[in-house]
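Protein chains get the first letters and strands the later ones, always in sequence-line order, with residue 1 at the start of each. The figures that follow rest on heavy atoms only: side chains count, while hydrogens, waters and symmetry mates do not.
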Amino acid sequence: MNMFLHELRENRRSMMIWTISLAAVTVLFFSMYPSIEKDGDQFIKVLQNYPEGVLKALGVQINSITSLLGFYSYFFLYIMLCGAIQAMNLGTGILSKEVSGKTAEFLLTKPVTRGRIITSKMVAVLVILLITNLVFVVVSYIMANTVAANDFDTSAFFLISAANFFVQLMFAALGFFVSALFPRIRSVLPVSLGTVFAFFIISMFGSAISDEASRYITPFKYFDLPYIMKHTAYEPLFMGLGAAVIVIAVGAGSFLFMKKDIHAA
Amino acid sequence: MNVIELNQLTKRYGQSRGIEDITFSVKEGEIFGFIGPNGAGKSTTLRTLLSIIYPTSGSATIFGKDVVKHGPEIKKQIGYLPSEVFYYDKMKVKDLLKYSASFYKKDCKKRIRELAERMDLDLNKRIDDLSYGNRKKVGIVQGLLHEPKLIILDEPTGGLDPLMQQTFFELLKEENQKGATILFSSHILSEVQKMCDRVAIIKEGKLITVEKISTLQERNHKKIRIETRVPVDAGLFALDGVTKIESEAGNRISFLYSGDINLIMRRLAEIQLANLWVDEPDLEEIFLHYYEKEDVQDEHVPARA
């Protein structure tokens, strides 16, 4: 419990910044929605001038962009991008912050198992992500209800919103694995930014050329927003794959960390 | 009873040297010194004992339990002070110590206050505002706050001023009298001499010997250098116990001396001196000396006591 609380304390600043930023982005986008909804036809006409590939890459679905959920799922792609960076930072920080800050020695000479250290920190990451998402979803929901001209499908709305959390879990797990593999990463940000953007670009590219294979590669595509909108459900196959990615990354990362010499000084 | 036992403990880092085949043991209630030049493998040994790193082969036990298998359990009773102290920079000293105490099922508040007072440590400062010496103090309080039965110190005095060193050694002596066993690495011989009952000497990853301090002290060497007003014959110092005489222009003479200090002082008093230096020899010289005397019958304490 002490390590968990310590971890929350260490991360509270960054959690606040991320939470406020994500909430601000959703407020900003939703406040643009009424004008898009009003001049929907013109907006669509403008969009039609763009090549189809570009629209797809940007996550624009012309036939639904003027609906509230369509618009939400359009800018949600960028929410997921931010969320992924936050999650990967947290995941990578679990180990690399202790090692590069040379505080690992402090923890490892305390009467706790390495497994305990990892679980405490992971639970803290989980809680931080939950809080961030909770605030985000609540703010988004309030905004959506404020700007919506017509009723929208609440279940679909929440399913879309929750996708961010699941994508974040994948990136946090990935980050943890990377930091167990290379514990001496000095600054976490370039690593997580690099990884997240690489996956994001694969995802954009995959969308542009409608490539099915890219769906398996990048976590951003595990939750296909148009699919969720249409079926009000996640795809079981990708749910399973996502869970597998998380279990494998966390398992392998933990295994590495348990076996590894820690050179903190 | 042995608190620490190392049994052919070996740690290799790929190609580079770690420690090789280290075997010795530390008895309950002992203050045991672990001495060797920089890079000899002192930290490696201590870090292996604490299972921060894992042995390549061999084993070690603390309180009779294997350090790898029972690490967390053993560590309840260990206080450790690393050679370089690093903590969460943004925390206040107070909070860091509280965090540290939270790992032990004990109320350490009073003890923290006492220790901080004695070490003259400001509890309200942030870690990153502390000087090296003050960080070290945090490390000391952190290592002692749960009244461990075994205290492991890695080059503990670096950064502490002489007065603080004194206080720190007093603290350790008190802990020792209360029953704590202390294992203490250093490259400064005089420090170890002051504190320890026995020492293990390590060089280039290998254990050279385990000695009683009293034995080492018999061989205590002084490095004496003199400058004279007029050139003198270096042969004047051909006393028992004088080795490595070197003379430069006849008026700068240096040598190592071990034996009754009065004898050599009397001899020195006969000469017109311009200047005199008496130094503790560095470790390297001690080792050299050790090798020289290797074939002489000495009172050796067996490596496994």
Side-chain angles (χ1 to χ4, degrees), chain A residues 1-17 89-90 93-121 123-124 180 182-188 254-265, chain B residues 11-14 18 43-44 46-56 67-92 95-106 127-128 135 138-139 142-143 146 148 150-152 154-155:
Chain A
M1 194 65 175
N2 57 348
M3 283 186 282
F4 164 75
L5 291 174
H6 173 80
E7 206 61 20
L8 285 189
R9 215 176 303 129
E10 287 275 298
N11 282 305
R12 63 175 175 225
R13 224 179 210 293
S14 88
M15 180 181 80
M16 264 160 59
I17 294 171
N89 277 345
L90 283 170
I94 288 179
L95 298 181
S96 64
K97 260 204 322 211
E98 300 282 352
V99 173
S100 66
K102 309 192 178 187
T103 48
E105 210 168 49
F106 171 85
L107 274 186
L108 291 178
T109 52
K110 298 292 174 222
V112 285
T113 59
R114 291 189 181 195
R116 188 66 180 268
I117 295 175
I118 301 175
T119 23
S120 309
K121 283 167 164 274
V123 174
F182 311 107
R184 282 198 239 202
I185 294 171
R186 278 194 185 271
S187 54
V188 168
S254 305
F255 180 79
L256 282 174
F257 177 66
M258 308 282 262
K259 296 279 161 215
K260 229 177 192 157
D261 291 343
I262 303 299
H263 300 284
Chain B
K11 175 70 192 175
R12 295 192 201 98
Y13 301 108
S43 294
T44 302
L46 299 187
R47 292 158 62 80
T48 312
L49 283 177
L50 288 156
S51 59
I52 299 170
I53 53 180
Y54 298 121
T56 310
V67 293
V68 178
K69 270 189 223 131
H70 301 282
E73 201 191 325
I74 294 168
K75 286 174 203 167
K76 282 180 196 163
Q77 294 297 343
I78 298 182
Y80 171 64
L81 172 66
S83 56
E84 282 176 85
V85 185
F86 290 100
Y87 295 126
Y88 307 94
D89 279 348
K90 297 205 167 64
M91 283 179 104
K92 279 187 177 175
D95 297 325
L96 186 274
L97 292 175
K98 251 189 236 160
Y99 182 40
S100 181
S102 69
F103 285 90
Y104 308 98
K105 290 176 183 73
K106 249 181 200 179
I127 302 278
D128 53 1
R135 271 175 197 238
V138 180
Q142 180 271 135
H146 54 296
L150 171 63
I151 303 171
I152 297 181
D154 195 357
E155 312 249 351

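- Of the two parts of B:Ser100, the backbone and the side chain both hold a non-hydrogen atom closer than 4.5 Å to a non-hydrogen atom of chain A.
- With respect to chain A, the highest number of heavy-atom pairs below 4.5 Å among B:Lys75, B:Glu73, B:Lys11 belongs to B:Lys75.
- The shortest non-hydrogen separation linking B:Val138 to B:Leu97 is O-CD2, 4.0 Å.
- Interface residue A:Arg114: only side-chain heavy atoms are found under 4.5 Å from chain B.
- Heavy atoms of B:Tyr54 lying under 4.5 Å from chain A belong to its backbone as well as its side chain.
- In this structure, B:Lys90 forms no cation-pi arrangement with B:Tyr88, as its terminal cationic atom is not both closer than 6.0 Å to the ring centre and no more than 45° off the ring axis.
- A 4.5 Å side-chain heavy-atom check between B:Phe103 and A:Met3 finds at least one atom pair inside the cut-off.
- Under the 4.5 Å side-chain criterion, counting only non-hydrogen atoms from C-beta, B:Ile127 is not in contact with B:Phe86.
- The candidate with the highest count of non-hydrogen atom pairs below 4.5 Å against chain B, out of A:Lys97, A:Lys260, A:His6, is A:His6.
- Residue B:Tyr80 is tested with B:Leu49, B:Ile151, B:Leu50 for a side-chain contact (heavy atoms from CB on, under 4.5 Å); the sole match is B:Leu50.
- Only the side chain of A:Leu107 comes within contact range of chain B, with heavy atoms under 4.5 Å apart.
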